[in-house]
Amino acid sequence: MRQIVLDTETTGLNPRTGDRVIEIGCVEIFNRKLTGNNFHRYINPERDSDEAALAVHGLTTEFLSDKPKFHEIAQELREFVQDAEVIIHNAPFDLGFLNHEFERLGLPPFVSHCSNVIDTLVHAKELHPGKRNSLDALCDRYGISNAHRKLHGALLDSELLADVYLAMTRGQNMLSMDVEIEAAGGGALLEAVPLGEIIVVSAAADELAEHDAVLAALDKGVKGECVWRKYSPQG
């Protein structure tokens with residue numbers, strides 16, 4: 001599976017009032033591994049950034065003045081994300097800007113080039129209801145260092161979000177657990193002993209129904225089929 005973690009920086013909050021994209025950062029994941037095949041462009045928006053936005057990203061009009069305009073990088077971006085699953089934190093914000101930029105050029109909406117969009121903010125709220133789920137908060141929760149993040153940057157934030165996404169969805173990857181059991185007080189590993197007779201007790205109908213409900217909840221969490229289904233005799 002090819003996935004693209006994407007983030008943008010903009011001149012302000014609303015593309016409908018003239019705000020533009022000034023930076024795009026994309027990080028490629030293939031089969032849950034970072035490939036290093038990333039896409040990063042600064043863009044000349046042909047306007048100044050709002051003071052509040054400038055305080056967030058620090059990309060001045062002077063710095064962006066010699067960068068390509070959006071129409072010059074649109075085809076590259078389309079080709080990079082083509083048919084990939086795109087992962088964005090607070091997707092409506094970035095998609096609103098990208099769709100608007102594509103519409104300005106008479107192109108189909110940005111989302112039409114992607115196979116699917118995952119909003120990690122929505123996913124995080126499902127996993128951690130009632131808690132802060134900003135990118136910084138998720139980095140803290142999953143032990144991902146963001147100490148080098150002084151200002152927001154599209155590529156840097158995409159790299160952090162890629163690590164967060166992989167950590168947030170890691171629970172479905174392993175079926176086995178390597179556990180060492182230590183004897184109380186002594187610290188020595190318990191000696192392995194032969195197993196006695198194994199008695200198999202089949203689950204009752206109500207227990208099977210409850211088990212299926214748990215699997216259904218896992219399916220919803222991963223937005224597909226959880227790994228336990230593949231190893232279930234009934235799957």
Side-chain angles (χ1 to χ4, degrees), residues 1-12 15 19-47 49 53-54 56-61 63-121 123 135-136 138-139 144-146 148-169:
M1 178 190 296
R2 183 171 184 261
Q3 297 172 300
I4 302 297
V5 183
L6 180 147
D7 186 54
T8 65
E9 298 298 336
T10 63
T11 62
D19 284 315
R20 304 289 303 277
V21 175
I22 59 174
E23 184 185 7
I24 300 173
C26 300
V27 172
E28 183 182 62
I29 299 174
F30 190 77
N31 290 338
R32 293 189 58 81
K33 296 186 187 304
L34 298 171
T35 68
N37 177 30
N38 300 336
F39 178 93
H40 181 222
R41 298 289 184 274
Y42 291 110
I43 300 162
N44 179 359
E46 303 178 274
R47 59 156 292 169
S49 290
L54 183 60
V56 169
H57 54 64
L59 300 175
T60 64
T61 301
F63 173 78
L64 297 169
S65 62
D66 63 347
K67 303 302 184 285
K69 299 177 177 63
F70 193 91
H71 72 86
E72 298 177 75
I73 63 94
Q75 183 60 30
E76 288 182 277
L77 178 60
R78 293 169 70 188
E79 292 173 357
F80 189 80
V81 303
Q82 191 67 42
D83 297 330
E85 185 172 65
V86 175
I87 300 166
I88 306 174
H89 199 68
N90 191 19
F93 179 85
D94 300 86
L95 292 180
F97 271 92
L98 291 171
N99 285 336
H100 188 71
E101 292 284 1
F102 275 51
E103 288 169 10
R104 283 171 55 95
L105 300 176
L107 297 172
F110 172 82
V111 291
S112 68
H113 303 285
C114 315
S115 67
N116 184 38
V117 175
I118 293 176
D119 190 337
T120 50
L121 179 57
H123 190 37
L135 181 56
D136 284 334
L138 291 172
C139 285
I144 295 164
S145 175
N146 61 350
H148 53 305
R149 186 183 189 236
K150 306 304 181 187
L151 292 170
H152 287 245
L155 183 61
L156 173 59
D157 286 1
S158 291
E159 289 170 342
L160 291 173
L161 182 58
D163 288 339
V164 165
Y165 173 76
L166 292 173
M168 195 162 49
T169 57

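Computation of the quantities below employed the complete heavy-atom set of this structure, encompassing side-chain atoms and omitting hydrogens, waters and symmetry-equivalent molecules.
Listed for the Thr35 side chain is no donor-acceptor partner under 3.5 Å among the backbone atoms of Ile29. Within the 3.5 Å criterion, the main-chain N or O of Val21 finds no donor-acceptor partner in the side chain of Thr8. With hydrogens and angles ignored, the 3.5 Å screen pairs a side-chain donor or acceptor of Arg32 with a backbone N or O of Leu166. Between the Asn31 side chain and the Met1 main chain, a donor and an acceptor come within less than 3.5 Å of each other. The backbone N or O of Pro15 lies less than 3.5 Å from a partner atom in the side chain of His100, making a donor-acceptor pair. A donor-acceptor pair under 3.5 Å links the side-chain atoms of Asp119 to the main chain of Ala91, judged by distance alone.
Glu101 and His71 share no donor-acceptor pair across their side chains, judged by distance under 3.5 Å alone. No side-chain N or O of Asp19 forms a donor-acceptor pair with one of Thr10 less than 3.5 Å apart.
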Would you sort out whether Leu161 and Val27 count as a side-chain contact (heavy atoms from CB on, under 4.5 Å), showing the intermediate values? CA-CA 9 Å; Leu161 182 58; Val27 172; over 6 Å; no

Tell me, with the steps shown, if Val86 and Cys26 meet side-chain contact (heavy atoms from CB on, under 4.5 Å). CA-CA 9 Å; Val86 175; Cys26 300; over 6 Å; no

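The structure places NE2 of His57 at 10.5 Å from NE2 of His152, a figure rounded to the nearest 0.5 Å. Ile43 CD1 to Lys69 NZ: the interatomic distance, rounded to the nearest 0.5 Å, is 12.0 Å. Between atom CG of residue Asp163 and atom CG of residue Leu138 there is a gap of 12.0 Å, rounded to the nearest 0.5 Å. With rounding to the nearest 0.5 angstrom, the CG atom of Asn37 is 4.5 Å from the CZ atom of Phe80. To the nearest 0.5 Å, atoms CG (Asp83) and CZ (Arg2) are separated by 9.0 Å. Once rounded to the nearest 0.5 Å, the distance linking CD1 of Ile88 with CG of Leu121 reads 12.0 Å.
Here the closest non-hydrogen pair linking Glu23 and Gly153 is OE1-CA, 3.9 Å. Taking each heavy atom of Ile73 and Phe39 in turn, the nearest pair found is O-CZ, 4.4 Å. Here the closest heavy-atom approach between residue Ala154 and residue Gly25 is recorded as CB-N, 3.4 Å.
With sequence neighbours excluded, the residues satisfying side chain to side chain contact (heavy atoms under 4.5 Å, CB included) with Phe63 are Tyr42, Leu59, Thr60, Lys67.
A heavy-atom distance below 4.5 Å is not found between the side chains of His89 and Val164. Considering only heavy atoms from C-beta on, Asn44 stays 4.5 Å or farther from Glu72 through its side chain. Residues Arg78 and Leu107 form a side-chain contact, since some pair of their non-hydrogen atoms from C-beta on lies under 4.5 Å apart. Contact of the Ile24 side chain with the Leu98 side chain is registered, since non-hydrogen atoms from C-beta on lie closer than 4.5 Å. Residues Asp157 and Glu9 meet the side-chain proximity criterion, which asks for heavy atoms closer than 4.5 Å.
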